[in-house]
Q: 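Just passing along the structure, written as structure tokens.
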Amino acid sequence: MASLNDDDDERTPLLQDSQIGGFVETQQQLKSRWWSIRVMYLTMFLSSVGFSIVMTSIWPYLQKVDQSADASFLGWVIASFSLGQMVASPLFGLWSNHRPRREPLVVSITILVAASCLYAYVQVPASHNKYYMLLARTLVGFGSGNVAVVRSYVAGATSLSERTGAMANISAFQAIGFILGPAFQAGLSMIGENGVTIGAIYLQVNMYTAPALMGALLGIGNIILIFAVFREHRVDDLGIHVSSINSESEVTDVEKANEGSIDQIAVISSNILFFVVLFVFAIFETISTPLTMDMYAWTRTQAVFYNGIILAAVGVESVIVFLAVKILSKKTGERVLLLGGLVIIWFGFFVLLPWGNQLPEIQFTELQNATIHNTTHWTSSITFSGNHTVEPTGCPVVQTWCLYTPIIHLGQYLTSDILIGVGYPICNVMSYTLYSKIIGPKPQGVYMGWLTAAGSAARTLGPVFVSQIYTHLGTRWTFGIICAIVALSLLHLTAVYKRLTPFSARYERL
């Protein structure tokens with residue numbers, strides 16, 4: 001009995017997966033396969049930490065190192081991560097289809113480590129600091145292109161019955177990275193803006209650079225684990241251990257038996273839906289710090305600390321949702337959950353539409369010699385302080401919509417966080433799971449690369465879109481347009497609903 005329990009433990013990922021059937025593989029292969037999958041979980045975790053650990057502090061750090069940077073440039077800095085990932089993902093995916101996956105994994109993580117160190121030094125140059133930050137975030141994104149390799153490996157190393165649970169685990173570890181990233185940043189904010197300077201290497205360790213340095217150290221640890229633990233494994237949809245295409249050039253009998261055409265309409269539709277999910281979530285991430293600074297007159301330090309706590313709480317909520325999704329998917333199926341997740345996301349952004357008569361506190365420090373028309377309403381509330389060393393807070397008067405658009409109440413913002421914290425993880429894991437099942441036994445490196453590229457394109461365009469629309473048109477237009485985009489994606493999903501079926505089900509293999 002004890003041996004049977006041990007076998008069950010080895011068949012189960014670090015977070016409990018669904019029950020699986022028998023495997024035609026040795027006990028040693030079984031253990032090695034799951035430990036390799038767990039290393040991929042950790043790699044995904046570290047990739048998400050590298051992205052999120054500086055998210056809440058990018059804006060104040062950018063303002064500190066280069067005062068010429070504005071909110072529009074912030075959009076490009078945040079988008080640069082996804083732009084780098086969008087370029088790298090198909091390349092690393094193609095590389096992993098033809099060579100041992102250890103190669104693209106180690107190279108990508110090395111780039112990520114070097115880029116994190118560059119981010120810590122962007123304040124050293126005498127000028128053009130904002131462009132050095134842009135370069136650093138682009139290279140961090142390029143190094144994070146290994147997400148395609150991670151997901152393609154897990155898809156190829158799990159049977160059809162295991163895959164939903166394994167994909168949910170990947171997304172759970174990704175969410176844990178998003179939790180601990182802002183949490184690390186919130187904790188490291190205690191160091192302060194000045195921090196400690198190490199003169200010998202021209203390094204200033206403060207609340208902005210310490211998180212990046214921590215990410216670099218975690219990356220080095222990840223490389224060590226890949227060399228020590230990770231091995232190549234591949235099973236078919238029934239769980240039969242087959243030769244890995246990364247180590248054998250011959251086409252196996254199993255691969256020949258699984259030949260068939262992939263539904264390209266389902267593939268394209270999955271990419272479109274995934275793009276929308278990541279697009280709106282990137283907007284949610286980008287807007288949090290500027291929105292709270294404008295709406296609630298938070299200082300830079302307060303915005304970093306409070307949003308770090310909020311995003312960490314959303315991450316905890318997401319992990320709970322990931323675990324619940326593995327249970328619900330057995331009863332409802334992936335397509336129903338994807339549809340429900342999109343509906344929840346729509347409500348999450350609908351809640352953010354401004355209403356009422358209360359206006360945000362206005363930041364007039366940027367107004368020097370300009371004339372404001374129709375300011376009778378504001379005369380009694382405008383005061384100018386002679387102490388220019390105090391950090392200005394409130395909604396900048398140069399954003400003219402601040403003068404007439406109602407405030408988004410803190411209750412609205414927190415309610416939106418809760419709803420998006422439920423809807424996004426559902427859509428994320430269901431999109432990846434459906435996509436991997438649609439592709440089936442085919443090599444998934446390039447396909448996962450394109451899906452990751454679609455998500456990276458969304459993360460590139462989302463911050464740029466929201467920085468422009470938010471700055472010039474305000475909250476009502478920003479969140480109204482997002483609601484329309486999500487509504488159109490719901491219509492698209494209903495149109496292709498019947499085509500989003502697994503490869504093996506289409507060809508009656510199971």
Side-chain angles (χ1 to χ4, degrees), residues 6-18 20-48 92-93 95-110 112 144-174 176-177 218-248 252 254-255 432-433 436 439 441 443-445 447-449 452:
D6 291 341
D7 289 349
D8 290 341
D9 290 340
E10 288 302 328
R11 294 171 184 265
T12 306
L14 194 55
L15 298 180
Q16 191 72 22
D17 273 329
S18 56
I20 61 176
F23 287 81
V24 185
E25 61 181 343
T26 66
Q27 184 68 19
Q28 183 179 2
Q29 287 175 325
L30 183 62
K31 290 182 179 180
S32 176
R33 182 165 66 91
W34 278 115
W35 277 113
S36 298
I37 291 173
R38 289 163 185 158
V39 172
M40 294 298 95
Y41 292 164
L42 179 62
T43 303
M44 180 63 77
F45 165 78
L46 295 178
S47 177
S48 65
F92 286 134
W95 189 352
S96 70
N97 270 3
H98 299 283
R99 295 289 301 169
R101 290 185 175 89
R102 182 182 287 119
E103 294 178 6
L105 286 172
V106 171
V107 169
S108 61
I109 298 171
T110 301
L112 194 150
S144 298
N146 58 22
V147 170
V149 182
V150 171
R151 292 192 182 273
S152 67
Y153 176 80
V154 174
T158 53
S159 66
L160 200 63
S161 61
E162 295 174 302
R163 200 163 302 155
T164 299
M167 288 296 181
N169 285 345
I170 289 181
S171 298
F173 274 85
Q174 188 176 35
I176 293 172
L218 292 174
I220 293 172
N222 193 14
I223 292 175
I224 294 173
L225 282 176
I226 288 174
F227 278 111
V229 179
F230 179 80
R231 298 294 182 269
E232 292 288 345
H233 293 281
R234 184 168 179 244
V235 299
D236 66 5
D237 283 351
L238 292 172
I240 300 174
H241 204 280
V242 298
S243 298
S244 173
I245 58 171
N246 304 79
S247 57
E248 298 290 338
T252 65
V254 175
E255 290 169 1
Y432 274 116
T433 302
S436 66
I439 299 169
Q444 298 199 6
Y447 280 103
M448 283 295 177
T452 304

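Only this structure's heavy atoms are used, side chains among them; waters, hydrogens and symmetry mates stay out.
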Q: For residues 224-231, which side-chain donor-acceptor pairs fall under 3.5 Å, sequence neighbours excluded?
A:
none

Q: Could you report the tightest heavy-atom contact between Val149 and Gly93, atom names first, then the distance?
A: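 So the two residues come closest at CG2-N, 4.4 Å.
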
Q: So, the side chain of Ser152 versus the backbone of Ala148: is there a donor-acceptor pair under 3.5 Å, distance only?
A: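 Here the side-chain-to-backbone pair exists.
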
Q: Flag the pair Met44 / Tyr41 as yes when at least one side-chain heavy-atom distance between them is below 4.5 Å, and no otherwise.
A: no

Q: Are the side chains of Ile37 and Tyr153 in contact, using a 4.5 Å heavy-atom criterion?
A: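 Of all side-chain heavy-atom pairs linking Ile37 with Tyr153, at least one is under 4.5 Å.
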
Q: Work out which heavy atom in Met40 is nearest to a heavy atom in Val154; give both atom names and the distance.
A: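 Heavy atoms only, the tightest pair is CB-CG2, 4.0 Å.
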
Q: Return the OG1 to CD1 distance between Thr43 and Ile170, rounded to the nearest 0.5 Å.
A: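 CD1 of Ile170 is found 10.0 Å from OG1 of Thr43.
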
Q: Does the side chain of Pro104 reach to within under 4.5 Å of the side chain of Asn146, using non-hydrogen atoms?
A: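 Result no, sub-4.5 Å side-chain heavy-atom pair not found.
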
Q: Looking at every non-hydrogen atom in both residues, tell me the closest pair between Phe173 and Ser48 and how far apart they are.
A: O-OG, 4.0 Å

Q: Only counting residues at least two apart or in another chain, list the ones meeting ring pair (Phe, Tyr, Trp, His ring centres under 6.0 Å) with Phe45.
A: none

Q: What closest approach, in Å, do Ala157 and Arg33 show between heavy atoms, and which atom pair accounts for it?
A: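 Distance-wise, the nearest heavy atoms are O-NH1, 2.6 Å.
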
Q: Got a second to check how far Thr110's OG1 is from Ile220's CD1, nearest 0.5 Å?
A: 9.0 Å

Q: Quick check: do Arg151 and Ser436 have side-chain heavy atoms less than 4.5 Å from each other?
A: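 Not touching, per the 4.5 Å side-chain cut-off.
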
